[in-house]
Structure formats: structure tokens, C-alpha cells
K.L.:
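Submitted below is the structure of interest, expressed as C-alpha cells.
Side chains included, hydrogens not; waters and symmetry mates left out as well; all remaining heavy atoms used.
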Amino acid sequence: MTDDFYMQLAINEAWKHQLLTYPNPAVGCVVLDKNGKILSISSHKKAGFMHAEPSAILQALCTISSEFASSFLREYQMSFELKSQNITQTLENENLDAKFCYDFILKNHSNLLKGASAYVTLEPCSHHGKTPPCASLIANLGFKRVVIANYDENEIASGGVKILKEAGVEVVCGVLSKLGSELLEPFMAWQSGNFSFFKIALSANGVATGGVISNQASRTHMHALRSVCDMLVISGNTVRIDRPTLDTRLTKDGKSPDILIYSRSKNFDKSIPLFGVKDRSVSISDSLKSAFDRGLVMFEGAQGLLNALPNEVKWVLVYQSSTLKNAQNLISERTFEPLHSVKFDDDTATWYRIR
């Protein structure tokens, strides 16, 4: 297998959590043992949680050693009072305490990953945040080789390559860098002020209206995206017809974003559910200027809003259902460049760049 193959696995994994890591970048990591066997594939899942590298390293160590896995599970359950979870369920918990995991790895790795390789979509960080640097963790565990898609251009976090090389780790940079750069586009944009995208659900035959279209898994993912957005923009016409709530009820403890209703008329029935969601601001305006003052913004709608999108909206996320609907197809002259697709049961969600 080539470096490209393993890096593609890391990139694919990172795309599963695209935007959900806001304000952090989406990052994926693959760990191989010294013989080239894949031990783990993981990613950063949410800001404040484990970075991709320690997450993949923890999974790899649990794969190599049942003794390590048992010890980790026992101590984690004792420290955080978890009940009757096995190691698989525990590792799938995206909310694992990052510092505990990092410290446990350092104290108990027993050189099990000496000579291992890692494939990371972004240069491992060098700064001390909620945990020590990922680059230092990799170096301390005796990794032989680290392959990276893109350097980190953030002055605070960059420098991981230097740490690795000084520890004698072979470092290869630039593998699938174009795909890595596409993965980083939202992060680079909101670092400069704003990233805005449009979300739409389509039936298998291209219908975007007439009630629920996408499946439960797709809607849960969409609610998770809403929960990290600073603002959600929707057209006044959609609000009046659909009377939506636009909350995050399908997620755990997710906040509901502020709403900008794009409309010439400010006359709305305030019994429409979106006006009754707690801890949110709802504004009505015939200008979209305020939306681009926020870091991460989702535009939701159908044909009308899609065709009226300003140039500041760079990407489109299409949830494509596998079912047909008896209604008019969406009509638009916009052209899209496909970036990546993810399956949600029998739905497909595809990210596109607007050309």
C-alpha cells in the first residue's frame, strides 16, 4: 500500500466530522504498527475533545494489548464513574476526557508503538492547550515515521514537524495536500472571519419540498451541524410555509443557533415554533450583511434561497434521499464541484464547492 492510500483513509475519516469541530479544523489520523498493519483510524470530533492523533493512538494501544485496554477501561470508569461500558463503547464515546487519556497513554504505553507510523491530515500541534502537544506525544511513544498532508499555518499550533524531526522521527509532508487543503477550507475561512454554507435535502428524483425528505441519521447529523453554527439563515417564504422550529432536538445538549430570517416584510406569526426556542436571537432583515459577521453560518432552504445565494456562500451540503417524491424537481443553473460524500444509512450527504 502507498502513502496516498493511508492518507486517503485519514482524510475520509476527518470528513465525517467536517464543521462539527468548529472552531477547530477537521483532522484525521491513521496509525500503523511497525510491520505496516492498520491499528486504528480516528479523527478529531468536537472542539474540546481529543485531537485525532491521541484518539487514534489510544485505539491502537487498545488493539495491540488487551492488558492496556482493560487497565484503561478500569481506571477511566473509576475516575468518571462510568457504568457497565466495554472498551469498544468507551472508545466510541466522543466525549472522553482528553487530558486523562493523554496522561494515561504516556504512563502506560510500554513502548508498544515503537517503530509505528502515523498518517495525519494536518501537522500535529506543538502548543500546550487542554493537553500537551500531539507532536510530543508521538515523539515520546517512539514512532518511526509520520506522514502529513498539510503544514499547520497557525503560528500558535505550528512547529510539530520540528518537534518530530528533533526526536529522530522521519517526517514526510505534502501527501495528498490538495485533498488536505480542501478539507481545511472551512477552517481557513472562519479563521479569517466567516465560513458560510448552504444545506438542502433532496429526494432521489431531485425534489426539495413537501415535508420531511432525509432519514433520521441525516437529520441527526444536520442538527449536530446546527448546534455548532453561530447563525442559521432562512428565507421568509420558507418560514411562513413550513413553520419550522430550527432547533437541535436530535442532539445531546446542543445549542440552537441564532436565526436570521431573510425577508423584505417583517410581519411574521410569532407562534411559528422557531420564535419560541430559548436562548436564541431571531432577527428579520432584507440584508444578509450581519450573517457574514459571524464565524460559521448555515443557510437552509430550497430553490429560491439557493438561487439567491450571495458570493460569500462557498459550499453546499446536499442530503440525497433514496426515496422518490411526487413533486416538481429543483431548478437551478448553479454548478457545483463535488468534494466529498458520506453515507447516513441509505442517504448520501455530499459536500460541494459552488463554482
K.L.:
So which heavy atom on Val297 is nearest to which on Ala291, and how close?
P.N.:
CG2-O, 3.1 Å
K.L.:
Can you label the angle between the His51 ring and the His127 ring as parallel, tilted or perpendicular, going by 30° and 60°?
P.N.:
tilted
K.L.:
Taking the side chain as every heavy atom from C-beta outward, state whether Phe72 and Thr90 have any atom pair closer than 4.5 Å.
P.N.:
yes
K.L.:
Is it true that the side chains of Trp315 and Glu185 contain a donor and an acceptor less than 3.5 Å apart?
P.N.:
yes
K.L.:
Quick one: closest heavy-atom pair of Ile261 and Gly236, and the distance?
P.N.:
CG2-CA, 3.6 Å
K.L.:
Are Thr323 and Ser321 linked by a side-chain donor-acceptor pair shorter than 3.5 Å?
P.N.:
yes
K.L.:
With a 3.5 Å cut-off and no angle check, do the side chains of Ser290 and Asp293 form a donor-acceptor pair?
P.N.:
no
K.L.:
Side chains of Pro124 and Pro133: does their closest heavy-atom pair fall under 4.5 Å?
P.N.:
no
K.L.:
Check this for me, if you would: do Asp269 and Arg243 make a salt bridge, where the nitrogen-to-carboxylate-oxygen distance has to be below 4.0 angstrom?
P.N.:
yes
K.L.:
List for me each residue that meets salt bridge (charged side-chain N to carboxylate O under 4.0 Å, His left out) alongside Arg219, sequence neighbours excluded, and say none if there are none.
P.N.:
none
K.L.:
Under a 3.5 Å cutoff, is there a donor and acceptor pairing between the side chains of Ser227 and Lys255?
P.N.:
no
K.L.:
Decide yes or no on side chain to side chain donor-acceptor pair (under 3.5 Å) for Ser203 and Asn205, but give the supporting numbers first.
P.N.:
CA-CA 5 Å; Ser203 69; Asn205 57 329; 2.5 Å; yes
K.L.:
Which word best sums up how the rings of Phe344 and Tyr319 line up, parallel for under 30°, tilted for 30 to 60°, or perpendicular for over 60°?
P.N.:
tilted
K.L.:
What I want to check is whether the side chains of Asp4 and Gln8 have a donor and an acceptor closer together than 3.5 Å.
P.N.:
no
